[in-house]
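Below is one structure, written out as structure tokens, with a few remarks after it.
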Amino acid sequence: MSSLHIETTPSIEFPKGWKRRHLLDLESLTAEEITILLDTAQKLKSLTNNCKTKVPLLTGKTCANLFFENSTRTRNSFSLAAKRLGADTVEFSSSGSSVAKGETFVDTAKTIEAMGVDWVVTRHSTPGTPHLLSRELGCSVLNAGDGPHDHPTQGLLDMLTIRQHRGSIKGLTVALVGDIAHSRTARSNIWGLSKLGAHVIICGPPTLVSPRWTELGFEVAHHLDDILPRCDVLNLLRIQFERQKARPFPSVHEYAALYAMNGERMKKAKNDILIMAPGPINRGVEITPEVADGPHSVILEQVNNGIAVRMAALWLLAGAQQSN
Ligand code: CP
């Protein structure tokens with residue numbers, strides 16, 4: 001006789017402090033809201049056996065991915081996050097769509113929403129486009145990267161990875177190194193980490209780091225070797241050649257000599273330093289293969305945590321939709 005298998009919905013309590021229907025940036029979130037997102041991500045990661053199995057918390061709902069820029073990590077992990085929680089997904093890419101016939105960004109988003117979706121996840125090269133959609137659409141909007149402005153789920157997955165290794169963000173020294181001027185990941189990390197009590201160092205060539213960061217109270221450095229021994233975490237940002245209007249340094253070789261994390265620099269770092277990168281990585285530019293694939297690298301853990309924070313974001317926004 002076969003044994004009886006009863007499927008039950010795993011229990012997870014909705015946090016009282018969560019009210020938001022959209023996730024547009026980290027700058028406007030409070031430390032409490034960021035902590036709720038991280039705690040929820042950790043719980044969902046555990047409920048889904050490290051983001052590998054399904055739990056039916058969002059069955060019957062649909063998530064639309066509206067990507068107007070390339071993506072490997074963010075797009076696929078939003079899609080997996082929705083599916084892990086039992087939701088359906090719609091995948092939209094601007095290439096091959098009616099955008100080529102002149103349809104506007106907002107009309108495209110409204111068209112996809114009219115198909116009956118609960119969340120629109122959007123990536124666009126223009127800063128502020130998710131904020132625009134949050135005013136135009138009735139469903140929840142999640143920012144998957146808007147130009148150089150913000151990439152909130154990237155900041156969250158970076159913080160979740162740090163927290164898993166160190167228990168807490170508070171009091172850590174975290175350096176963001178590289179192309180700060182064009183990096184939405186940098187901005188999300190700067191706001192998120194500082195709200196949770198980290199000491200943030202913004203490091204890169206003067207042509208890629210605005211002096212305004214100092215006025216906002218952040219430490220700015222132009223020499224990685226000067227700050228390296230103090231750092232608990234290094235987040236190595238890609239040089240975003242596609243966003244630069246002029247070359248901000250004489251050569252990639254010179255950039256790598258001054259800022260690439262390599263085996264020699266690892267000798268000057270703390271023994272337990274965490275090496276992070278949002279990806280995609282340019283091997284040999286901001287990081288050498290021996291460091292990217294070495295024992296201090298948590299780059300692939302960051303990718304796995306991307307599913308966890310995106311599950312948390314989808315679930316929290318859906319809960320807020322119901323209670324509003
Ligand atoms: N980190 C990040 O946003 O990667 P993708 O561009 O591959 O989504």
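It should be emphasised that the depicted structure is a prediction, and the values quoted were computed from it without experimental measurement. Both counts, for ligands and for their atoms, begin at 1 and track the order of listing.
Around atom 5 (P) of ligand 1, the closest heavy atom drawn from Arg184, Arg123, Glu69, Arg75 belongs to Arg123.
Minimum interatomic distance between His151 and Ser188 (heavy atoms only, all atoms of both residues): N-OG, 2.8 Å.
For Glu219 and Arg230, the salt-bridge test passes: some basic side-chain N is under 4.0 Å from an acidic carboxylate O.
The protein atom (non-hydrogen) at minimum distance from atom 4 (O) of ligand 1 is Arg73 NE, 3.0 Å.
Close approach of ligand 1 to Pro278 is summarised as follows: ligand atoms under 4.0 Å from at least one heavy atom of the residue are 1 (N). Near Thr74, with a cut-off below 4.0 Å to any heavy atom, the atoms of ligand 1 are 2 (C), 3 (O), 4 (O), 5 (P), 8 (O). With ligand atoms numbered from 1 in the order given, ligand 1 contributes 5 (P), 7 (O), 8 (O) to contacts under 4.0 Å with heavy atoms of Thr72.
The backbone N or O of Asp150 sits nowhere less than 3.5 Å from a side-chain atom of Asp25 that would complete a donor-acceptor pair. The main-chain N or O of Thr48 is never found under 3.5 Å from a side-chain atom of Arg84 such that the two would form a donor-acceptor pair.
Using a 30° and 60° split on the angle between ring planes, Trp213 and Trp191 fall in the tilted class, from 30° to 60°.
Under the 4.0 angstrom criterion for non-hydrogen atoms, Gly145 is not in contact with ligand 1.
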